[in-house]
Structures are given as structure tokens and as C-alpha cells.
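What follows is one structure encoded as C-alpha cells, with my remarks underneath.
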Protein chains: 2
Amino acid sequence: MTHGWEDIRADVLRRIRSREWPPGGLIPGEETLAAEFGVARATVNRALTALAEAGVIERKKRAGTRVAELPVRRARLEIPVIRLDVLGRGLAYDFKLLADRMGPAPVPVTARLGLPEATPMRYLETLHLAGGRPFVHEARWLNPAALQGATPDFATISANEWLVTEVSLVSGDIAFTAEDASPREAEVLGVAPGAALLIAERTTHGTLGPITWVKLAHAPGHRVSMTF
Amino acid sequence: MTHGWEDIRADVLRRIRSREWPPGGLIPGEETLAAEFGVARATVNRALTALAEAGVIERKKRAGTRVAELPVRRARLEIPVIRLDVLGRGLAYDFKLLADRMGPAPVPVTARLGLPEATPMRYLETLHLAGGRPFVHEARWLNPAALQGATPDFATISANEWLVTEVSLVSGDIAFTAEDASPREAEVLGVAPGAALLIAERTTHGTLGPITWVKLAHAPGHRVSMTF
DNA sequence: TTGGCTAATATGTCTAGACATAATGCCTGT
DNA sequence: ACAGGCATTATGTCTAGACATATTAGCCAA
């Protein structure tokens with residue numbers, strides 16, 4: 001009965017779920033568990049580290065390991081390139097570049113990126129198509145100062161895809177909201193004005209500073225799903 | 001110098017970002033890196049394992065480690081109990097139980113949970129309030145067969161919170177969509193019918209089978225944000 | 001009582017070595 | 001040429017021991 005670290009993780013999880021080790025309670029130390037399972041302490045440590053990353057337990061030096069009071073559920077979202085998202089649904093992908101111009105970025109954009117007001121940025125508007133039908137409307141402000149080297153022709157490769165593969169992103173955040181379709185979005189997506197749209201707003205930062213702010217307006221019925 | 005596994009992770013990440021190791025390319029083996037950094041192989045392994053979990057590299061036995069072609073961005077969503085979400089925004093929390101009855105669950109619900117059609121389930125409708133104003137409307141179908149022991153008075157503790165703390169959840173999924181407010185939702189949330197609402201639909205499964213399906217309709221303006 | 005120092009302790013990390021496992025690709029025999 | 005089998009190799013995991021680090025409890029002094 002050799003125990004791998006995954007077996008130990010499973011067994012600890014079982015005891016937590018069965019309330020043998022109740023929420024908020026201390027669980028035995030690594031040394032104790034190692035003796036009980038008949039493995040080295042490092043193996044127990046591997047298992048408990050994984051559980052801590054999953055939010056099931058909380059570990060503190062000297063204080064020991066305790067079961068999380070309110071097990072925060074963590075769901076992982078995998079953000080694909082839009083092209084692959086569409087192809088993954090078994091539909092043909094295409095996109096149209098609707099606008100590409102330089103101009104002073106609006107205040108909400110510069111504010112979120114931490115740039116001075118009215119910083120000159122590049123505005124790109126793209127409509128992504130799935131099976132010939134509107135899929136996502138993308139409105140993007142790009143900070144040229146954060147890009148080294150030449151940018152490609154965004155009518156040939158979508159900004160969405162080029163950024164993911166060619167630019168060194170460091171960090172970012174994504175927020176989902178629901179909004180009534182603006183007249184422009186309604187027209188481009190081919191829906192009634194005021195229809196409920198799922199909006200994803202993303203900011204990304206790179207080594208050379210803030211890179212881009214993008215608002216993705218999804219066609220009605222779009223689902224973003226995650227597992228936990 | 002580089003000594004800890006986090007330093008090594010950072011350095012490998014830097015080389016990937018600088019294109020020293022380009023996307024799709026093989027990176028040196030653990031033994032080589034260990035010698036280069038002057039650490040044990042296990043330390044390099046720790047660093048590379050972390051990067052693989054983050055989706056930056058892909059590792060295969062015998063084939064080696066290569067930089068991911070399309071670095072799938074993974075964002076982590078922490079799903080809090082609604083009460084804590086509200087309190088975290090600095091607002092007072094309250095909730096009202098609007099409905100609590102048994103009845104045959106609708107087909108979409110049983111289908112998603114993998115239960116026979118018209119399984120008798122408990123329907124709970126709750127309005128969560130933040131600072132006295134409607135925050136989230138919760139429509140929940142609960143499978144009594146998957147719950148062992150007594151259920152509490154859901155007028156005293158919200159189902160949302162009780163389930164998280166008292167039931168052994170095993171797995172589940174969550175999906176976000178945007179929907180026009182139904183007449184019922186509009187009335188309860190105090191918004192115009194047809195207003196765009198951010199919807200979160202969750203199913204959860206436990207050791208005794210499917211536990212619950214819930215639809216959360218958020219008040220306009222609600223943002224669900226994640227970092228990556 | 002209060003503040004700060006100290007020792008004890010549980011987790012965090014590292015090492016060196018070993019064996020396990022899964023792909024790969026070569027090397028057979030047909 | 002081809003299929004199957006086998007050796008090679010890089011990652012995956014484990015061990016036993018050591019030292020590092022954070023945190024707490026207790027003690028002592030002002």
C-alpha cells in the first residue's frame with residue numbers, strides 16, 4: 001500500500017469532507033501525518049501544499065494547518081484566442097477590421113491603464129465572425145509606447161491574436177458585466193438596440209508599461225463557463 | 001544569485017518573455033538547468049512544475065519541456081459567499097426569502113444536473129440586499145436526496161451560505177451570460193424590464209449526487225473581476 | 001498592565017541520490 | 001517497407017536529512 005502524494009491529498013480531502021477534521025479545526029502536523037501514512041515528510045508537504053493552493057486548507061508556520069472556515073471556491077477560466085474559441089465550436093472563423101486610427105484615449109481607458117489623460121493611443125475596432133455571423137465586437141485601445149518593434153497589418157491578423165503570441169504580457173485583469181447594446185454595437189452585431197450583451201473588459205500590462213484596454217461585446221446567448 | 005525555486009521560475013519566465021527561448025521551442029533539461037543555476041534538480045523541477053501549472057510551458061516525459069505556443073491565459077475567479085462579497089464592498093448585508101416550496105423541477109434544471117425529468121426538488125428564491133438595495137436575485141433548485149441530515153430554516157441563514165459551509169461539495173461549474181431582465185427579476189431587483197442583467201448559473205455536485213442548480217441575477221452595474 | 005525579548009515549533013525549502021513512468025526512436029525480423 | 005519490441009531519456013516522484021523562516025507562547029522587566 002504505497003502512497004503517492006496524490007493519494008495522500010485525496011485522503012486528507014476525504015477526512016475534511018467527512019467532517020472528521022471540521023472547518024476551522026487544526027489537522028495533524030506534517031511529521032505526524034508522514035508517520036501515519038508511512039511516507040517522508042516531503043511527500044505530505046507536497047499533498048498539503050496542493051490543498052492549500054486549492055483553498056481547502058490554510059497553513060501558517062508555527063501555527064499549523066487548519067481547515068478553511070469558508071472554503072473559497074476557485075474557478076479557473078481559460079481565456080482562449082477568439083479564433084480558436086470559434087474553431088473549437090466547429091464554426092468557420094473570420095474577422096473584419098472596422099476602424100484603425102490614432103487619437104487621444106478617453107478618460108476611463110487611460111484611468112484604468114494608469115496613463116496620463118488624453119494619451120495618444122491607437123484605436124482598433126474589430127468584428128469577429130463565427131460561421132459568417134457576428135460573434136464578438138472588439139473595441140481596443142493600444143498603447144504604442146509599450147510595444148517594441150513594428151506592428152503588423154491588423155487587417156490580416158487580428159490584434160487579439162497578435163498580442164497573445166507576440167507581446168510579452170506580464171499581468172492583467174478581466175471583468176465581466178452585462179450592458180444594453182449601444183446603437184453602434186447593435187448595428188454591428190445585428191441585434192436590437194438595448195439587447196443584453198455579455199461584456200468582457202480586459203486590461204493588460206507588459207514589461208514596458210500598460211499595453212492595452214479592450215472591451216469585448218459578445219453576441220446574445222454567449223456563455224463563458226468555468227469548472228471548479 | 002539565484003538560489004530559491006521562485007528565483008529560478010522568475011529567471012526562466014524572463015528568458016521566455018525575452019524570446020531567448022521562443023514559443024514552441026525546447027528549453028534545456030532539468031539536469032542542465034540545475035547545473036547552470038547551481039542547485040539540485042528537484043529545485044529546478046519545482047520551478048518548472050509551477051510554470052507548467054501556469055500554462056507557460058508544456059512538459060512531457062522523454063520529449064522534454066517546451067514553451068507553450070499559444071500561452072493560454074488562465075484567470076482565477078474566487079467565488080465568495082454573497083454575504084462576504086457585500087460586506088467586502090463596505091455595505092450592510094441582508095436577504096429576504098421570497099419562496100420555499102417543493103415541486104417538480106423544470107426540464108432545463110434536471111437536464112443540467114443529470115436527474116430524471118420532473119424530479120421533485122425544493123425551490124428557493126432569495127433576494128440578497130446590499131446597503132438596503134437589491135444586489136442579487138437567487139433562484140435555486142435543491143435536490144433533497146443529495147443532502148444528508150436536516151436542513152436549516154432558510155429564512156434565517158441563506159441557502160447560499162449554508163451550502164458552502166455545511167455541505168461537502170465535490171465539483172461544479174459556473175457560467176456567465178447576459179440576459180434581459182424577466183418581469184419577475186425586474187420587479188424584485190427594482191429595475192426596468194428588459195434591462196441587461198449579468199447572470200451566473202451554477203451547478204454543484206456532491207458525494208451523494210447532484211446537489212443544486214442556481215441562477216444568480218445581478219443588479220445592473222455589477223462587475224465580476226479576475227486577475228491573471 | 002504593558003511592552004519587548006526569547007525559545008519553541010510547524011511549515012517552507014533545499015540537497016543528493018534513487019527509482020518510476022512515459023514517450024521516443026531506433027533496431028530488429030519478417 | 002513495415003510492424004513490433006526494446007533501449008534510451010527526460011520528467012515525475014520519493015526518501016532522509018538539514019537548515020531557513022515565520023509565528024506564537026511565555027517570560028521578564030519597566
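What you see is a predicted model; the values in this text were computed from it and never measured. Naming: A, B, ... by sequence-line order, numbering from 1 per chain.
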Is it the case that the side chains of B:Thr151 and B:Arg122 hold a donor-acceptor pair, with the cut-off being a distance below 3.5 Å and no angle test?
yes
Rounded to whole angstroms, how far apart are NZ on A:Lys61 and C1' on D:dT23?
9 Å
In whole angstroms, how far is the P atom of D:dT23 from the CZ atom of A:Arg66?
14 Å
What I want to check is whether the side chains of A:Thr212 and A:Arg140 have a donor and an acceptor closer together than 3.5 Å.
yes
May I ask you to establish whether A:Arg112 and A:Trp213 are in a cation-pi arrangement, using a distance under 6.0 Å from NZ or CZ to the six-membered ring centre and at most 45° from the ring axis?
no
Any salt bridge between A:Arg74 and A:Glu53, counting N to O under 4.0 Å?
no
Return no unless some side-chain N or O of B:Lys60 is found under 4.0 Å from OP1 or OP2 of D:dA10.
no
With a 4.0 Å cut-off (strictly under) to non-hydrogen atoms of chain B, the first and last hit nts on DNA chain C, 5' to 3', are C:dT13 to C:dT24
For the backbone of B:Val136 and the side chain of B:His128, can you confirm whether one donor and one acceptor N or O come within less than 3.5 Å of each other?
no
Check every strand shown and say whether A:Arg41 touches a base, only sugar-phosphate, or nothing at a heavy-atom separation below 4.0 Å.
base
Indicate whether the side chain of B:Thr203 and that of B:Asp173 have a donor and an acceptor atom separated by less than 3.5 Å.
yes
Nearest-nucleotide 5' precedence on DNA chain D, B:Ala63 against B:Asn45:
B:Ala63
Regarding A:Glu36 and A:Arg41, does a basic nitrogen lie under 4.0 Å from an acidic carboxylate oxygen?
no
Within this structure, what is the CD-to-P distance between B:Glu31 and D:dT8, rounded to whole angstrom?
17 Å
Tell me, do B:Phe176 and B:Leu77 make a side-chain contact under 4.5 Å, heavy atoms counted?
yes
Determine to 10° how strongly the helix from C:dT1-D:dA30 to C:dT30-D:dA1 is bent, judged from the axes of its five-pair ends.
10°
Taking for each residue the nucleotide of DNA chain C bearing the nearest heavy atom, is the 5' side occupied by A:Arg62 or by A:Leu48?
A:Arg62
